[in-house]
Amino acid sequence: MPRMNYLKKRLFASFRIFVVALSIFLSCVPVFGDDSEDKSWNESFEEKYGSYGDFYTAGELESLSHTYYEYGTPSTKWTVLIYMSGSDLESSYGEGSRTLLKIAAACNNPNVRILAQTGGCTRWNNIRVSSKKMQRFRLSGKSLEQIAEVPLDSMGKSETLSSFISWGRKNYPADRYMILFWGEGAPVSSGFLHDKLYSDDFLSVAEMKQALYDGGVHFDIAVFDASLAQSLELCREISPYVHYSVGSEETMLPEGLDYESWVSYLSKNNGCSVQGLCKKIADTYCDFAEDVDFEESTISVVDLSQIGPLYKSFVKMSDEMQDASSSISGIKNLSVASRDSLTFGIYGMLDRSNMLDLGDFARNTLDVLPNSSFEILENLEKSVIYERHGSKRLAASGLSFFYPVDSSAAELDSYASFSGNGPYLSYIDSITDYWRAPAWVPGFLPTKENQVPSLSESVPAKSRDYPVRLDERESADGVPVLTLTSGAESVSQVSFGLLFMERESGKILNVGFREANSLDETGTIYGGALSLRCMSMDSNIMNCIYMEEKNSELDFSVPVLLNGRSTNLLFSTNPDDGGCELVGAFDAMTFHSPMPRKRNLLRTGDMLEFTFTDIESFAEVAVGYTTVRSSNKISLRNLPDGNYMGYYVVTDVFGNTYESLGRTIRVSSGVIVPVVSSETEIF
């Protein structure tokens, strides 16, 4: 790439007679020469790629305004297709069956045809639904009427979805079409609606897009009753086939949407406007979330006819991010902005979902990316036409996007498989030492029509130029202190870890991590992270994993065995009195597993065993137990007497981690006691 640009400059200088011919050649090759330097980004972009991402002309938008914003008539026909992958939501909790019955009870209008296809589940809690085949039902008049069945196949296949759409269009033609995806969600890098009968096969973003294309229906509304679904990337991919998207950036409630309310509304008002129905779906969900004190709820309505300009703004932001990555300060500023931005799907997780709020990230980068961030915020207002959120998600803007705060190479490969944003993939490549972008990203020609090579020719900063070196010593009171002797400018995060030698088993247990703060003005010396007090429940110490701090409220999770099953307790501190409240027990997720809905699994009388990870075998070791009751006592207590090791883990902006050797700490009666030299090799 640099050599080709050099040759172009030589050609311009030596053979000006061929300017016209060369210009024609360059118009066929999506690489920018020096003649683009005096043009704005948008002019250069549209000269090479046209109105990338804009699927509607001004005339079409004018027509759509009459189609979607105005009311219909009592004779307006609706066809609603529900694509339901039951998964554990149904087999363990019966939520799929309850949803089908709620919908059937609420719909009594022959002009509103609600059709459901079931699959993806090992056991249904309804005798009408089988796990051995896929069935199609009509839901109305309190009944589930089976009208078709098809051979069992994965709900994660494009062909399975497109077949259902084509069948619905052929047999139930309508004036208005809605499609509703029901099941477990996941980060956009993984997909949605995993199928428990086919090795947890996900319906990927690319497969969903292909199915919508093959199905041959332009849907007025797509509703996602699945966690983490309302993302910029997903909206971009489905926008040619759907006008409005309704969904949540965050984890959904176990019950999902308030079907009784909005289905009843549609049944009584089938002449309602499309936009009015979208708002009704959003309002009834958020009202229900408020009734059950789900303070993390989000839901939004996105006008997908406006998503093209917004996505183009994101490509522009990606290009600026790539330029910013040419300096270590630019990379660090973006790293800080990403960690400060609202993150979704973090209940009980050690690894983040990597789904950040787009508007919050844009606000946090106004100083770093002033042009594109402002443009993002402007276009968000046009795209997200309605948004509501709970009190713990005040920064929500209605659309999330994928940003690799804590990711793996496999996750990035999955994301790159459908993303056509070359500048963004190039930026991710520059900030990760463990992943490389696909070959087409730095090349001349994209391999697909919607893939855009980068306009930037900046050279990113490299981790090799900022090597991180650690020096560890003990303070006067015996606490490990860390000094960064080099590479401090590239450090993104410093954490303090504590290991404990359990007396009875002799196992070395990970007691957890907490963020370490710099104690000097240079930002190179870290300490003060060791606390001799720990959270406990009924005098049992707990392995606290700090998750987020919002509005002076600190949330943390604790891994436990709940009646022998691994899950996580969720605690929240009270900013007024410093007290701590047990919120409930919630399952976690990992990459390529679904994002479980925020289901409180605790019941009075349940057995809780508090677990810690054995660093040698990585097995979970239970240390202490209690039963759930209304009088469980949560308090701070001294660390148990014994031998500990404190150590630091440093993460740089390129995703590399560096671990200090650690220092032995002996605790007795809540204080640190000296360790004689002959006893230092305790671990």
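FYI, side chains are in, hydrogens and waters are out, and symmetry mates aren't considered; it's all heavy atoms of this structure.
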Just checking, is any N or O donor in the side chain of Glu159 or Ser162 under 3.5 Å from an acceptor N or O on the other one?
no
Do side-chain atoms of Ser397 reach the backbone of Gly359 as a donor and acceptor pair under 3.5 angstrom?
yes
With a 3.5 Å distance limit and no angle check, can you tell me whether Ser190 reaches the backbone of Ala186 through a side-chain donor-acceptor pair?
no
Minimum heavy-atom separation for Leu100 to Ala116, with atom names?
CD2-CB, 3.9 Å
Closest non-hydrogen atom pair between His389 and Ala396, with its separation:
ND1-O, 4.0 Å
If we only count heavy atoms from C-beta on, is the Val302 to Glu387 side-chain gap below 4.5 Å?
no
Please determine if Arg113 forms a cation-pi arrangement with Tyr172, meaning its NZ or CZ atom is less than 6.0 Å from the six-membered ring centre and no more than 45° off the ring axis.
no
When you compare the side chains of Trp435 and Asp413, does any donor N or O come within less than 3.5 Å of an acceptor on the partner?
yes
Could you go through Phe288 and Phe294, starting from their C-alpha distance and side-chain angles, then the distance that decides it, and tell me whether this counts as ring pair (Phe, Tyr, Trp, His ring centres under 6.0 Å)?
CA-CA 9 Å; Phe288 177 67; Phe294 182 36; 9.6 Å; no
Side chains of Val188 and Val205: does their closest heavy-atom pair fall under 4.5 Å?
yes
What I'd like to find out is whether the side chain of Thr79 reaches to under 4.5 Å of the side chain of Arg176, using heavy atoms alone.
no
Before giving the answer on side chain to side chain donor-acceptor pair (under 3.5 Å), spell out for Ser492 and Ser335 the whole-Å C-alpha distance, their side-chain angles and the decisive distance to 0.1 Å.
CA-CA 7 Å; Ser492 170; Ser335 176; 3.0 Å; yes
Looking at side-chain heavy atoms only, is the closest gap between Leu366 and Ser373 below 4.5 Å?
yes
Is the Tyr241 to His218 ring centre distance short of 6.0 Å?
no
Heavy-atom side-chain proximity of Leu399 to Val384 below 4.5 angstrom
yes
Does any N or O in the side chain of Tyr213 come within less than 3.5 Å of the main-chain N or O of Met208, such that one atom is a donor and the other an acceptor?
no
Any donor-acceptor N/O pair, Ser264 side chain to Ser261 backbone, under 3.5 Å
no
So, Ser414 and Ser189: side-chain donor and acceptor under 3.5 Å apart, yes or no?
no
What orientation do Phe192 and Phe224 show, parallel under 30°, tilted 30 to 60°, or perpendicular over 60°?
tilted
Hey, does Thr99 have a side-chain heavy atom less than 4.5 Å from the side chain of Met84?
yes
Side-chain heavy-atom pair Ser297, Cys286 within 4.5 angstrom cut-off
yes
Hey, which of Ile238, Leu304, Ile165, Leu180 is the one that makes side-chain contact (heavy atoms from CB on, under 4.5 Å) with Phe219?
Ile165
Exactly one of Glu250, Glu295, Glu249 should register a salt bridge (charged side-chain N to carboxylate O under 4.0 Å, His left out) with Arg393. Which one does?
Glu250
Are side-chain N/O atoms of Asp303 and Ser305 paired as donor and acceptor at under 3.5 Å?
yes
Is the side chain of Ser227 donor-acceptor paired with the backbone N or O of Gly185 at a distance under 3.5 Å, no angle test?
no
Can Glu290 and Arg388 be said to form a salt bridge (charged side-chain N to carboxylate O under 4.0 Å, His left out), step by step?
CA-CA 11 Å; Glu290 289 176 357; Arg388 286 184 62 181; 3.1 Å; yes
Say whether, by atom type as modelled, one donor and one acceptor occur between the side chain of Asn171 and the main chain of Trp167 under 3.5 angstrom.
yes
Are any side-chain N or O atoms of Ser408 and backbone N or O atoms of Glu411, one a donor and one an acceptor, separated by less than 3.5 Å?
yes
Over all atoms of both residues, closest heavy-atom pair of Val263 and Ala106:
CG1-CB, 3.7 Å
Minimal heavy-atom distance between Pro404 and Tyr424, with the atoms involved, is CD-OH, 4.0 Å
Carefully, step by step, assess Ser407 and Asn354 under the rule side chain to side chain donor-acceptor pair (under 3.5 Å).
CA-CA 7 Å; Ser407 62; Asn354 292 308; 4.7 Å; no
Is any side-chain heavy atom of Leu257 closer than 4.5 Å to a side-chain heavy atom of Thr284?
no
Angle between ring planes, Tyr259 versus Trp262, binned at 30° and 60°: parallel, tilted or perpendicular?
tilted
Taking all non-hydrogen atoms of both residues into account, name the closest pair between Leu356 and Ser341 and its distance.
CD1-CB, 4.4 Å
When you look at CZ of Phe374, are more than 12 heavy atoms from neighbouring residues, nucleotides or ligands closer to it than 6.0 Å?
no
For residues Asp357 and Ser400, is any side-chain donor paired with an opposing acceptor at under 3.5 Å?
no
Lys209 and Asp214: CA distance, side-chain angles, deciding distance, salt bridge (charged side-chain N to carboxylate O under 4.0 Å, His left out) verdict
CA-CA 9 Å; Lys209 178 181 180 179; Asp214 293 338; over 6 Å; no
Donor on one side chain, acceptor on other, Ser430 and Gln322, under 3.5 Å
no
How are the rings of Phe401 and Tyr403 set to each other: parallel, tilted or perpendicular (split at 30° and 60°)?
perpendicular
Please confirm whether the backbone N or O of Thr76 pairs with a side-chain atom of Asn270, one donor and one acceptor, at under 3.5 Å?
yes
Can Glu233 and Arg236 be said to form a salt bridge (charged side-chain N to carboxylate O under 4.0 Å, His left out), step by step?
CA-CA 5 Å; Glu233 292 92 343; Arg236 152 68 192 171; over 6 Å; no
Any donor and acceptor pair, going by atom type alone, linking the side chain of Ser318 with main-chain N or O of Phe314 inside 3.5 Å?
yes
What's the shortest heavy-atom distance between Pro173 and Lys77, and which atoms?
O-CD, 4.3 Å
Would Asp406 and Arg339 pass as an ion pair if we require N to O under 4.0 Å?
yes
Is the closest basic N to carboxylate O distance between Lys316 and Glu375 below 4.0 Å?
yes
Got a salt bridge between Lys196 and Glu184, using NZ or NE/NH1/NH2 to carboxylate O under 4.0 Å?
no
Between the side chain of Asn364 and the main-chain N/O of Asp360, is any donor-acceptor distance below 3.5 Å?
yes
Salt bridge flag under 4.0 Å for residues Lys102 and Asp258
no
Could you state the interatomic distance from OG1 (Thr251) to CZ (Phe344), rounded to the nearest 0.5 Å?
10.0 Å
